[in-house]
Asker: 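Before I ask anything, let me first share the structure, which is written out below as structure tokens.
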Amino acid sequence: MKKITQLIQTFSPNEINSLRKYYAINSRQDSILRNKLFEIVVENNPKSDKEAAEKLGTKTGAAFSMLKKRFYQDALKILFWGEGSKRFKSKFYESRYRVRMMIMEADILLDRQLITSAREVLVKAERIADKYELTEELLLLKDLKQTRRGLSRTLPKYHQLTKDKITHINDIKDKILAFDYHRQITMPNIYNANKDLTYIEKSKEANILLKELVDRNPNANILSSYLKSQIVYYHLTSDYMECLNVALQYAELIRTSPAVHSKDAMGSAGLYLSNINLQIYNFSESIKYANDYMHYFYNGSPNQEALHENLFVCYLMLKDYSNAYKQIEIVSKFKIVKPGNLIFSRWVFYRANLDFAQKNFNEALELLQKQTMLTKDKSGYWVGYKILEMLCIIELKNYDWLEYRTETFRKLLSKVKTKNVARPKIILHLLKALIKENYNFETVTKKNKMEIRLLSDAIGDYRWDPDGYEIIRFDTWWMEKLKKPVRKN
């Protein structure tokens, strides 16, 4: 019964009424029993077959199992007939549904020898399928035309349908390859705070293959996969100006092409643009895209959480602490943020960075010490956690703690083999030098000009990633301390 009750719970009031009307015009005994079972499910939500059978006045067994099966099929038919435009996330999915319905309508008309009417339906269906690049449905349309007598009419038309079917099969193959190439390089990188160097070459190879597909096939879905994969590659190589150009092309494609336009796709375009503007330190633009595209995602979704993350970092960098705190408040109400999970711990980490920026160093350190989930991300947020912890220790002048913390940080970095930790290694070097020079920032700066320059120039492996774990930029903090140095004695 679980499968049935779960399905009926998704029914709207109109769908429930439609199923009741369907049973009202069917007076057969088995339809009457299915109607009774339906009312029992609606009113009592039975948890087991035994409970439902008892309320129906029968016993469980083969007959009851067949009754359930037929009722489930009836319920699905109502959904099939009743689906409307409001049920679909985009015109693409609505059009795909309409075309599939029209193919079945034409098939029924052909069975009744209504060839002219069937042809008219198929012409309309093909027009919609062409507009939305529904390659799988176009294949079914051409196959129906070719296999049903009276539709292909002449031998040349029959041969043309064969050629069209082969073209559609090749289109489907290219789409499958395009999706596969794209997913191969995106799925492992979605939640990493650091960039895995091994995926850069994989991304480059996949983009070459996708470019070959795009060059031979103008399908919008293939172009979409190619542009998204290019965005990933340019992100991995930190070429963000080129990344921005591609993201703008992608946003325009999603906006103008019916085949790929949807709320989710529009949201992803905005997320890309917000992310990239964050990476080029164009914080105002990143905020604009995040706010403009937020509504394309459902409330409390992981994508909305990602946009709020961008907003938090941007407001923090702009010293707009009030709006930064608002992002923490909003996300804390999301169902995906639960005490003990990684997302929750990450936002605790963000709150600690906000406290640090506002010079609430004790509060920042206390927040860091309350959570442990970030320890699982050894090369990402755990690195950021350790850096922020050491900055708090310096600000609070708990100097006795620092030497031990730098040593544990050194051991942590030594275990990272496939990630870029060039910046953390310089940070470690400067902190150890700071201990050695009795916390004299000026002396350490004079002796380590090259290292300070590498952090401040932030080029190549030493680039500061605002979407990474080093939210409080170390070199900026260092230069502020240089103006007001902390001395141990």
Side-chain angles (χ1 to χ4, degrees), residues 73 76-77 79-85 87-183 209-229 253-262 264-265:
Q73 291 171 346
L76 288 177
K77 286 175 186 175
L79 294 182
F80 181 74
W81 293 330
E83 289 294 296
S85 60
R87 283 285 186 180
F88 299 98
K89 292 183 178 180
S90 72
K91 285 288 185 181
F92 172 84
Y93 292 112
E94 181 188 352
S95 299
R96 187 176 66 179
Y97 168 79
R98 285 178 60 198
V99 169
R100 290 177 180 179
M101 285 281 288
M102 292 167 85
I103 291 171
M104 288 186 285
E105 288 169 7
D107 215 5
I108 292 170
L109 291 170
L110 287 168
D111 284 340
R112 297 177 180 235
Q113 299 301 309
L114 300 172
I115 296 173
T116 301
S117 297
R119 187 179 291 115
E120 289 174 357
V121 171
L122 290 174
V123 167
K124 292 178 183 178
E126 189 170 348
R127 191 182 303 129
I128 297 169
D130 278 328
K131 179 179 179 180
Y132 290 93
E133 296 184 9
L134 303 173
T135 48
E136 292 85 353
E137 285 69 27
L138 282 167
L139 177 62
L140 291 173
L141 280 164
K142 301 297 173 63
D143 188 64
L144 184 62
K145 283 185 177 182
Q146 191 178 46
T147 55
R148 297 301 293 260
R149 185 177 297 177
L151 289 179
S152 54
R153 297 190 189 181
T154 64
L155 187 61
K157 286 188 176 181
Y158 182 90
H159 288 320
Q160 183 59 49
L161 287 168
T162 298
K163 292 179 182 178
D164 289 346
K165 284 165 66 178
I166 292 171
T167 298
H168 296 322
I169 289 170
N170 288 332
D171 285 345
I172 293 168
K173 178 183 175 182
D174 286 346
K175 281 170 62 177
I176 291 170
L177 288 172
F179 293 153
D180 184 59
Y181 294 149
H182 172 62
R183 286 167 184 156
L209 295 170
L210 279 164
K211 183 64 166 63
E212 292 174 1
L213 288 178
V214 169
D215 287 343
R216 75 167 182 252
N217 195 326
N219 186 284
N221 281 283
I222 295 172
L223 179 57
S224 171
S225 292
Y226 172 58
L227 293 175
K228 288 189 289 184
S229 297
L253 175 70
I254 296 302
R255 188 182 68 81
T256 58
S257 174
V260 291
H261 180 87
S262 69
D264 285 344

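Given the structure is predicted, the values throughout are model-derived calculations rather than measurements. Numbers here simply count residues along the sequence, with the first being 1.
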Asker: Determine whether the side chains of Ser229 and His182 contain a donor N or O and an acceptor N or O closer than 3.5 Å.
Answerer: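 Short answer, yes.
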
Asker: Provide the closest heavy-atom pair for Ser225 versus Leu210 in the form atom of the first, atom of the second, distance.
Answerer: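 Taking every non-hydrogen atom into account, O-CD1, 4.0 Å.
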
Asker: Any side-chain heavy-atom pair from His168 and Leu141 closer than 4.5 angstrom?
Answerer: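 Sidechains of Leu141 and His168: no contact.
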
Asker: Only counting residues at least two apart or in another chain, list the ones meeting salt bridge (charged side-chain N to carboxylate O under 4.0 Å, His left out) with Asp107.
Answerer: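 For Asp107 the salt bridge (charged side-chain N to carboxylate O under 4.0 Å, His left out) partners, ignoring immediate neighbours, are Arg148.
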
Asker: Quick one: pull up CD in Gln146 and NE2 in His159 and give me the separation to the nearest 0.5 Å.
Answerer: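 Rounded to the nearest 0.5 Å, the CD-NE2 separation comes out at 9.5 Å.
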
Asker: Mind checking the CG-NZ spacing from Leu138 to Lys165? Nearest 0.5 Å is all I need.
Answerer: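 These two atoms lie 13.0 Å from each other.
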
Asker: For a 4.5 angstrom cut-off between non-hydrogen side-chain atoms, does Ser224 reach Lys228?
Answerer: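 The answer is yes, as the side chains (C-beta and beyond) meet within the 4.5 Å cut-off.
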
Asker: Can you tell me how far the CD1 atom of Ile222 sits from the CD1 atom of Ile176, to the nearest 0.5 Å?
Answerer: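 Atom-to-atom, Ile222:CD1 and Ile176:CD1 are 10.5 Å apart.
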
Asker: Are any of the side-chain heavy atoms of Tyr226 and Lys211 separated by less than 4.5 Å?
Answerer: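 A side-chain contact under 4.5 Å exists here.
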
Asker: Checking Glu133 side chain against Ala259 main chain: does a donor-acceptor pair fall under 3.5 Å?
Answerer: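 Not a single qualifying donor-acceptor pair exists.
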
Asker: Measure the shortest side-chain to side-chain distance between Val260 and Ser257 over non-hydrogen atoms and say whether it is less than 4.5 angstrom.
Answerer: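 A side-chain contact exists here, since the closest heavy-atom pair is under 4.5 Å.
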
Asker: Does Arg96 reach the side chain of Tyr132, with side-chain heavy atoms less than 4.5 Å apart?
Answerer: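 Heavy-atom side-chain distance check fails, nothing below 4.5 Å.
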
Asker: Atom NZ in Lys142, atom CG in Leu140: separation rounded to 0.5 Å?
Answerer: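 That separation rounds to 11.5 Å.
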
Asker: Please round to the nearest 0.5 Å and tell me the distance separating atom CG of Leu253 and atom CG of Asn221.
Answerer: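 Going from CG on Leu253 over to CG on Asn221, the span is 9.0 Å.
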
Asker: With Lys175, which of Asn217, Thr135, Asp180, Asn219 fulfils side chain to side chain donor-acceptor pair (under 3.5 Å)?
Answerer: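 Between Lys175 and the candidates, side chain to side chain donor-acceptor pair (under 3.5 Å) is satisfied uniquely by Thr135.
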
Asker: Measuring from Lys173:NZ to Ile166:CD1, what's the distance to the nearest 0.5 Å?
Answerer: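 Atom-to-atom, Lys173:NZ and Ile166:CD1 are 12.5 Å apart.
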
Asker: Identify every side-chain donor-acceptor pair in residues 120-131 under 3.5 Å, counting partners at least two apart or on other chains, and give the distances.
Answerer:
| from | atom 1 | to | atom 2 | distance (Å) |
| --- | --- | --- | --- | --- |
| Glu126 | OE1 | Lys145 | NZ | 2.6 |

